Amino acid sequence: MIYYRKLVTLMATGTRRWWALAALALSALVVGLDLTVLNLALPTLATALHASTSDLQWIVDAYSLVLAAMMLPAGMLGDRFGRKRLLLAALLLFAVASLACAYAPSAGALIAARAVLGLGAAFVLPLAISVLPVLFSGEERQRAVTISVGATLVAFPIGPVLGGWLLTHYWWGSVFLINGPVIALALLAVAVLLPESRSERRPRVDLAGILVSSAGLVALTYGAIEAGQEGWGDARALAAMAAGALLLLGFVAWERRLHRRPGGEPLVDLELFRSAGFTWGTVLATMVSFAMFGLLFTVPQYFQAVVGTDAMGAGLRLLPMIGGLIAGAAVADRLAKLAGAKVTVAAGFALMAAALFAGATTSVDSGTAFTFAWVALLGVGLGFAMPGAMDAALGALSAERSGVGAALIQALRQVGAAIGVAVLGTVLNTGYHGRLDVAGLPAPVAGAVRDSVAAGVAVAHQLGSPALLLSVRAAFVHGMDLLLLVCGGIAVAGVLLTLAFLPRRAAGVDVVGAELATSPGEQLASR
């Protein structure tokens, strides 16, 4: 065990930890690519696999629900059995599931493979983050978080570009096979470069906590997905969200009881929420994700339905966000050293608000240069806000429970994103339906136009109606502007909450420093 700890110390104090970080970033990139590529393939899947609308919904939802259910257990198991070991296993599982997706003979088989893919992602996402507090501390940790977060964000524009090219030249299964080379590289890098890390005190398995938290997260996520598709008045969606909320309240009560019991080892250490850095870092990171998904949910549709590009073109037009993110992160890293996390994150939210409010003035006649400008500015804001907020949360985690702590952060962000997409989808649809003119159209045709902007544009082209086409595009832009206004309001709230509650600087859990300060005799005594 002493030799193992010396290896961790050597890795964490040398330059190889930055190469290890590159391996973790590749792991995050794999998951991000899968999230963005699938949406492009859905129309093709409907034809190739004779998939119904319900089948397509479950192809998407099976992944999200398993991801929500398994994140907390994944973090705990990483703490118990070793984060590197389980990350390697998760990447292998992700590779096998990607292969199964690519060659699925039916919609049912694809749904099952997507569920297994979600299981792999549920381990990859928290474990890739949980190693950061072990390898890095202080200012270096924020830089590491920036790289890790950036890898996930890069996948959003790259996914549509690669996916669009593959769907144009090859069969639909190729969009899942692009994971293969990236996973192979990630596996090699993780195996060679990443040191093993685990909790010194093997946590017991809180089976009741796992079951109740998983059921609650699944129910809440499912209810949010249903509300986004069927509306907030849907009885099934409301019942699922209510059940999920009750189960999660029961989970908190159980964890508190277990925490007070002598020898009890709860799944989640609720004492983490006594840390302002962890609590508000997690809340603010979730708010950043909420606003970011507003962009990713609407702007690709705007490029395709209003500007007239294909999916690949829409992906290329999101690249200014990545350029802005890189530039913002570079400046934010220097600003954080001088002024601290509070100022940096608040500045990020302020830049995001300015960009989103500018985007909310978009019209049908707005030029591409205007869109590039505010999308790039939003990227700069993301580069300021997201790494700083995540670093504030991760700074409160010790090496003992970094796995389950990182899983808790990711689980809250995942549920927040699902609810955010449902809320923002409702705002978009309300604005779209409110401005849409379908007078004189037969009921089935009007229903198709109201269903989505893509369907509305297709119907207008089929009918050869410039007036309907203009109405559809103007109605969508109106809905998008309302959505961006809501996201801008959330960004303003982020500024205020950051200034009020986020600590000036993130806490530092210096694992390596603590180890070096401990003598060999004390190490043996602690065991």
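Side chains are part of it too, since the values below use all heavy atoms of this structure and drop only hydrogens, waters and symmetry mates. The structure presented is a predicted model; accordingly, all values stated were derived computationally and were not measured.
Looking only at distances, a side-chain donor or acceptor of Ser213 sits under 3.5 Å from a matching main-chain atom of Ile210. In this structure, the side chain of Thr221 does not engage the main chain of Val218 through any donor-acceptor pair within 3.5 Å. Checked by atom type and distance alone, the side chain of Ser174 never pairs as donor or acceptor with a backbone atom of Tyr170 at under 3.5 Å. Within the 3.5 Å criterion, the main-chain N or O of Asp437 finds a donor-acceptor partner in the side chain of Ser471. When atom types are taken as modelled, the side chain of Asn429 and the backbone of Gly425 share a donor-acceptor pair closer than 3.5 angstrom. Without hydrogens or angle criteria, Glu226 side chain to Arg236 main chain gives no donor-acceptor distance under 3.5 Å. Gln304 contributes no side-chain N or O that, together with a main-chain N or O of Thr309, makes up a donor-acceptor pair within less than 3.5 Å.
Looking at Val175 and Leu162, their side chains never come closer than 4.5 Å, going by heavy atoms from C-beta outward. Between Ile409 and Ile129 there is no side-chain heavy-atom pair separated by less than 4.5 Å. Between Leu497 and Leu502, the closest side-chain pair of non-hydrogen atoms is not below 4.5 Å. At least one side-chain heavy atom of Leu267 sits less than 4.5 Å from a side-chain heavy atom of Phe251. Side-chain contact between Tyr302 and Thr371 is present, with heavy atoms from C-beta onward closer than 4.5 Å. Side-chain contact between Phe357 and Leu485 is present, with heavy atoms from C-beta onward closer than 4.5 Å. Inter-residue side-chain proximity for Leu220 and Leu217 is flagged as unmet; no heavy-atom pair is nearer than 4.5 Å. Leu110 places a side-chain heavy atom less than 4.5 Å from the side chain of Phe176.
Among all heavy-atom pairs drawn from Pro105 and Ala109, the shortest one is CD-CB, 3.6 Å. The shortest non-hydrogen separation linking Leu499 to Lys342 is O-NZ, 2.9 Å. For Gly359 against Asp481, the heavy-atom pair with the smallest separation is O-OD1, 3.4 Å. Shown here for Val31 and Tyr63, the closest heavy-atom pair between the two residues is CG1-OH, 3.4 Å. Residues Leu49 and Ala104 share a closest heavy-atom pair of CD2-O, 3.7 Å. Considering every non-hydrogen atom in both Leu284 and Ala389, the closest pair reads CB-CB, 4.0 Å.
Ring pair Trp165/His169 is tilted by interplanar angle, where 30° to 60° counts as tilted.
The CG atom of Leu482 lies 12.5 Å from the OG1 atom of Thr426; values are rounded to the nearest 0.5 Å. One distance of note links CH2 of Trp171 with CG of Leu177; it measures 4.5 Å at 0.5 Å rounding. Annotation: the span from Asp61 atom CG to Leu67 atom CG amounts to 12.0 Å, rounded to 0.5 Å. Distance check: Leu119 CG to Phe94 CZ gives 11.0 Å after rounding to the nearest 0.5 Å. Considering OG1 of Thr362 and CH2 of Trp374, their distance stands at 6.0 Å, rounded to 0.5 Å. Note that OG of Ser214 is 11.5 Å distant from CE of Met71, once rounded to the nearest 0.5 Å.
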Requested in this report: Apply the test side chain to side chain contact (heavy atoms under 4.5 Å, CB included) to residues Val423 and Ile419: give CA-CA distance (whole Å), side-chain angles for both, the deciding distance (0.1 Å), then the verdict.
Outcome: CA-CA 6 Å; Val423 171; Ile419 294 173; 4.1 Å; yes

Query raised in the report: Stepwise, does the side chain to side chain contact (heavy atoms under 4.5 Å, CB included) test hold for Phe349 with Ile490?
Result: CA-CA 9 Å; Phe349 273 111; Ile490 292 168; 5.8 Å; no

Query - Test log, rule side chain to side chain contact (heavy atoms under 4.5 Å, CB included), inputs Phe384 and Val343 - result: CA-CA 10 Å; Phe384 272 70; Val343 172; over 6 Å; no

Report task. For the pair Val459 and Leu463, evaluate side chain to side chain contact (heavy atoms under 4.5 Å, CB included) and give the outcome as yes or no after the intermediate values. Result -> CA-CA 6 Å; Val459 169; Leu463 296 177; 3.8 Å; yes

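Pairs passing the ring-ring contact (aromatic ring centres under 6.0 Å, His included) check and including a residue from residues 454-501, sequence neighbours excluded, read Trp280-Phe501. Screening residues 312-323 for side-chain hydrogen bond (donor to acceptor under 3.5 Å, both in side chains), with sequence neighbours left out, gives no hits.
Judged purely by distance below 3.5 Å, without hydrogens or angles, the side chains of Asn179 and Ser98 pair a donor atom with an acceptor atom. In summary, the side chains of Ser289 and Arg413 do present a donor paired with an acceptor at a separation below 3.5 Å, with no hydrogens or angles considered.
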